[in-house]
Amino acid sequence: AFSRLPTVGSGGERLYVNQLSQAELDELASKRPTLTYGQVKRAPPSGFIPVHVAFDKKILKFDAYFQEDVPLSAEEHYRIRQVCIYYYLEDDSMYVIEPVVQNSGIPQGKHIRRHRVPKNDRGEHYHWKDLNRGINITMYGRTYRIVDCDRFTQEFLESQGIEVNPPEKMAFDPYTELRQMPVRKYITPSDFDQLKQFLTYDKQVLRFYAMWDDTNSIFGENRPYVIHYYLADDTVEVREVHKQNDGRDPFPVLIRRQRIPKTFVDKQKTFPTCVMEISDQEVLEWYTAKDFAVGKSTNLLGRDFFIYDCDEFTRNFYRDKFGITDFQPVEIKKKPPEEVQQIIPPYNGFGILEDTLQNCFSLFPKPPRKDVIKMLENDNKVLRYQVALESPNPEDRKRRFILSYFLSNDMISIYEPPVRNSGIIGGKYLRKTRVAKPGSTTENAKYYGPSDLTIGSTIEVFGHRFVITDADEYVLNYMESNAGSFPASAQKSVVVRLPEVAFALSPVLLCFYSDIPKLGTSKQEPDELTVHVQEELKPHKHLNNKNIQEAFLQCDKDGSGVLDKAKFLSLCDSLSVPTNTTLLNKVRRKGMLPKLNGICTRLVANKGRLRI
C-alpha cells in the first residue's frame, strides 16, 4: 500500500513539503521502466477462433418478393409472392422461405433449402457482398427483388464498408388484397327513432296516380300507374293499372317495395350503373314524402312518372304535415295515334296474289273468298288455245303448247304435248294458277281474261311470251253464245286468223272458187295470191272448179257445212286436188296466206272434223 501525502494544508493552502521537484519529475520521466523493474512481460496471444465459431448464429435477413405468372385465370394475370432470404455467415449458405398466408390456396413454406447457392456457370457462389437493398438476384431461374433488411444486417454491411441502399416498399398481391375482408366501420346511430316512425305511421300509405310516357320508344304508349309511398319505412312501390282487353300480361308490380335513391355520390365511370343492392355508402339522398307532388314529374329508377292526382288521405297528410293546399288534378289528354299508312310489299311471285296479300292484313291469314256462283255456272268449262313460244332461240320457236283457261276460277295452265325425237321432254309447263297482266300492281291487279285471249295476241306468263296461234271449236261456240262478253276484234281474229289446216287446204279452196278477186277486201292481194296459186296449179290444169264445187255440195247433204276430215281428204284425192305439204310449204315461203273472209265462214280442225 502506498499512502498519499497531503498536498493541501488547513485553510486550503498548497503544501510543497514532501513533493517532488520539477527536476525530479523530469528525471523520472527520462528513465525507462526496464532499467528499474527489468524486462516487461508481454501478454499471451489470444487463441485461434474458427469462422464457424466467430460467426455462429449470425444471420443476415433480407425481405424480397418475386412475380409469378398466372396464365389460366380470368381474375388475375400475375401473382406477387413475398419471401425471406437468410444468409448464414458461418458457412456462406442461403435459405429462402415464404411466410404462410392464411386461406391463400397456394403451397407455401420452404422455397430453397439451406445450402450454398450457385451464382453462375463458372462455379461461383453467392457471397454476402453480393446482397444489398434494391437489387435483383436470380436463383435457379427465379428472380427475387430485395427491398429491405433487418438492423443487424444493415450494421454488419456498413461495418464491412458496404454502402447500403435505401429500403423500398414491399409489393403486395392485388388478388390477395381484393379478397381481404374490409375493415368494419362502426357508425354511431342517429337520434332518429325508426321504431317510433313504424309505430306512428304503420299501415299509412300515400297513393299517387301517375302516367309514364313511353311514346318515344318503338310501340310505346302512355301507361297509367299507381305509386304507393309507405310512411312506416319510407319505401316506394309502383303498381301497374290493367284494363280489360289491354293486351298486356297481368304483371301487377313494376317496381317492388324498396327505398329508391334520389342522389348518388360522385362515382367513377367504371362503377356499375345497376347493382343488386344499394347501400348508404353509394347514396347521398333517398326519396321522401316531400319529393312527391301533384303536377310534377318524378324519376324513379330511370323512368319519368308524371303525377296527375292523389287520394283523399294523401291530401290530408300533405295539408297537415307540409301545409300544401293545392291539389288540383291535371287532366291527361291522350295523344291521337299517328295514322301509319300501310305499305304493301311488292309481289314476289310465290303463290296466288290474293292469297299472298292476306299475310299483309292479318297475323292469321284467311283464304280469299271465292265466287261460288261463278264456279257453279262455269264448272268444267275450259277454253283451249294453241300457243307458240316467242323466243330468240329457233328451237324454242318451233315448240307448241296448249293453253287452258278455266272459266270457273279464271286460272290458266299450259301443257306441252310431247314431240317424238324433239329432244324436249313434254308435259306440264305451268300448273293451274292466275296470271297477272304486265304492269299490274298489288293494289290494282289485272289478270288475263277470256277477252284478252285472241288469236294472234301475245300474252306474258311470268317472263315468258306466248303467241296464240289457234283455238278449239269450243272457244268458237263459246264466243258465239257470249258475243257480248268479247270485243269485236276478238271475234274478227278468229274469222281472219285461220288455223294450220286451213293453210293446207287453201289451194283447194282457191281452185274451187274462181271469183276470189271479186270477194276480197283488197284487189291487189287476191290477184297476187291467185297468180301464185295458179303457178302452183299449172300441172293440174285438168281440174274443173265446177265439178269440185258440185262434189262438195253433194257430200254435204244436210247442208250443215260440216264434213268429216277423212271424208274430205278422200274426196280431194278422188278429185286429184293437191293437199300435200309441199304445196303448203311453198305457199308459206311466199308469205301469201289467204284471206278467205266472206268466202268461207271458218275452217277449224278439231277432233278430226272440218267446218267450212
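The figures that follow rest on heavy atoms only: side chains count, while hydrogens, waters and symmetry mates do not. As the structure is a prediction and not an experimental result, all values here were calculated from the model.
For Phe251 and His242, the ring centers are positioned 6.0 Å apart or more. You'll find the ring centres of Phe401 and Tyr415 outside the 6.0 Å limit.
Side-chain contact check for Glu460 and Tyr448: no donor-acceptor pair (N or O, by modelled atom type) lies under 3.5 Å. Ser391 and Asn393 share no side-chain donor-acceptor pair at under 3.5 Å. Residues Arg133 and Gln154 bring a donor and an acceptor atom of their side chains to less than 3.5 Å of each other. Using a 3.5 Å distance cut-off with no hydrogens or angles, the side chains of Thr235 and Arg257 do pair a donor with an acceptor. Residues Glu68 and Tyr78 have side chains that never bring a donor and an acceptor to within less than 3.5 angstrom of each other. For the residue pair Asp410 and Tyr405, a side-chain donor N or O sits within less than 3.5 Å of a side-chain acceptor on the partner.
Residue pairs meeting the side chain to side chain donor-acceptor pair (under 3.5 Å) criterion with at least one partner in residues 197-207, sequence neighbours excluded, are Gln197-Asp234, Arg207-His228. Note on residues 311-332: pairs passing side chain to side chain donor-acceptor pair (under 3.5 Å), not counting sequence neighbours, are Asp309-Arg315, Asp311-Thr314, Glu312-Arg315, Asn316-Arg319.
Within a 6.0 Å radius of CD in Glu163, no more than 12 heavy atoms belonging to other residues, nucleotides or ligands are found. Other residues, nucleotides and ligands contribute more than 12 heavy atoms inside 6.0 Å of the NZ atom of Lys437. Leu376 CG: more than 12 foreign heavy atoms inside a 6.0 Å radius. Heavy-atom contacts from other residues, nucleotides or ligands closer than 6.0 Å to CD of Glu285 number more than 12. Heavy-atom neighbours of Phe198 CZ from other residues, nucleotides or ligands within 6.0 Å: at or below the threshold of 12. Residue Glu75 qualifies as open at atom CD: its count of foreign heavy atoms under 6.0 Å is 12 or below. Heavy atoms from other residues, nucleotides or ligands lying under 6.0 Å from CD1 of Ile373 number 12 at most.
Between Lys296 and Asp291 no salt bridge is recorded (no basic side-chain N to carboxylate O distance below 4.0 Å). Residues Lys243 and Asp246 are not paired through a salt bridge, judged by the lack of any N-O separation under 4.0 Å between the basic side chain and the carboxylate. With respect to the salt-bridge test (charged N to carboxylate O, under 4.0 angstrom), the residues Glu237 and Arg239 qualify. A salt bridge links Arg223 with Glu240: the closest approach of a Lys/Arg side-chain nitrogen to an acidic carboxylate oxygen falls below 4.0 angstrom.
Atom NZ of Lys432 is separated from atom CD1 of Ile412 by 12.0 Å, given to the nearest 0.5 angstrom. Interatomic distance, CZ of Arg145 versus CE of Met170, reported as 11.5 Å (0.5 Å rounding). Atom OH in Tyr140 sits 14.5 Å away from atom NE2 in His111 (nearest 0.5 Å). Once rounded to the nearest 0.5 Å, the distance linking CG of Asp150 with CG of Asp63 reads 8.0 Å. Distance check: Gln67 CD to Asp69 CG gives 6.5 Å after rounding to the nearest 0.5 Å. For the atom pair Leu131 CG and Leu157 CG, the distance stands at 8.0 Å (nearest 0.5 Å).
In this structure, Lys381 is not positioned above the aromatic face of Tyr478 in the sense of NZ or CZ being under 6.0 Å from the six-membered ring centre and within 45° of the axis. A cation-pi contact, defined as under 6.0 Å to the ring centre and within 45° of the axis, links Arg434 to Tyr447. Because its NZ or CZ atom is both nearer than 6.0 Å to the ring centre of Phe66 and within 45° of the ring axis, Arg142 counts as a cation-pi partner of that residue.
The aromatic rings of Tyr209 and Tyr308 are tilted relative to each other, their planes meeting at an angle between 30° and 60°. Ring orientation note: the planes of Tyr429 and Phe466 are nearly perpendicular, at an angle over 60° on the 30°/60° scale.
Closest approach of Phe305 and Leu254 over heavy atoms only: CZ-CD2, 3.8 Å. For Leu300 against Val238, the heavy-atom pair with the smallest separation is CD1-CG2, 3.9 Å. Here the closest non-hydrogen pair linking Asp214 and Ser217 is OD1-OG, 2.8 Å. Of all non-hydrogen atoms in Ile324 and Phe327, the two that sit nearest each other are O-CE1, 3.0 Å. Contact record, Arg79 with Glu76: NH2-OE2, 2.9 Å, taken as the closest heavy-atom pair. Minimum heavy-atom separation, Ile468 to Leu453: CD1-CA, 3.7 Å.
Under the ring pair (Phe, Tyr, Trp, His ring centres under 6.0 Å) criterion, Phe292 pairs with Phe208, Tyr229, Tyr287, sequence neighbours left out. Every ring pair (Phe, Tyr, Trp, His ring centres under 6.0 Å) that Phe156 has, sequence neighbours left out, goes to Trp128. Glu390 pairs by the side-chain hydrogen bond (donor to acceptor under 3.5 Å, both in side chains) definition with Arg465, not counting sequence neighbours. The ring pair (Phe, Tyr, Trp, His ring centres under 6.0 Å) check on Tyr95 picks up nothing, with sequence neighbours excluded.
Taking the side chain as every heavy atom from C-beta outward, Asn299 and Lys262 never approach each other to under 4.5 Å. With contacts defined as side-chain heavy-atom distances shorter than 4.5 Å, the pair Phe317/Leu206 qualifies. Taking the side chain as every heavy atom from C-beta outward, Gln342 and Phe361 approach each other to under 4.5 Å. Residues Ser413 and Leu430 form no side-chain contact, since every pair of their non-hydrogen atoms from C-beta on lies 4.5 Å or further apart.
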Checklist entry - Yes or no on salt bridge (Lys or Arg N to Asp or Glu O under 4.0 Å) for Lys370 and Glu354, after CA distance, side-chain angles and deciding distance? => result CA-CA 11 Å; Lys370 299 179 181 179; Glu354 288 78 4; over 6 Å; no
Checklist entry - So Phe62 and Thr153, side chain to side chain contact (heavy atoms under 4.5 Å, CB included) or not? Walk me through it. => result CA-CA 8 Å; Phe62 297 92; Thr153 304; 3.5 Å; yes
Next on the checklist: If you apply the rule side chain to side chain contact (heavy atoms under 4.5 Å, CB included), what do you find for Ile255 with Leu301, and how did you get there?
Outcome noted: CA-CA 9 Å; Ile255 300 177; Leu301 298 182; 3.9 Å; yes
Next on the checklist: The test is side chain to side chain contact (heavy atoms under 4.5 Å, CB included); show your working for Tyr144 and Val96 and say whether it passes.
Outcome noted: CA-CA 10 Å; Tyr144 298 87; Val96 180; 4.2 Å; yes
Next on the checklist: Could you go through Lys110 and Ile112, starting from their C-alpha distance and side-chain angles, then the distance that decides it, and tell me whether this counts as side chain to side chain contact (heavy atoms under 4.5 Å, CB included)?
Outcome noted: CA-CA 6 Å; Lys110 185 187 300 183; Ile112 300 176; over 6 Å; no
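Under a 3.5 Å cut-off, the side chain of Asn132 and the backbone N or O of Asn165 do form a donor-acceptor pair. Put simply, the side chain of Ser104 gets close to the backbone of Val101: a donor and an acceptor are under 3.5 Å apart. Side-chain N or O atoms of Asp213 include one that pairs as donor or acceptor with a backbone N or O of Thr215 at under 3.5 Å. Formation of a donor-acceptor pair under 3.5 Å by the Gln386 side chain with backbone atoms of Asp472 is not found in this model.
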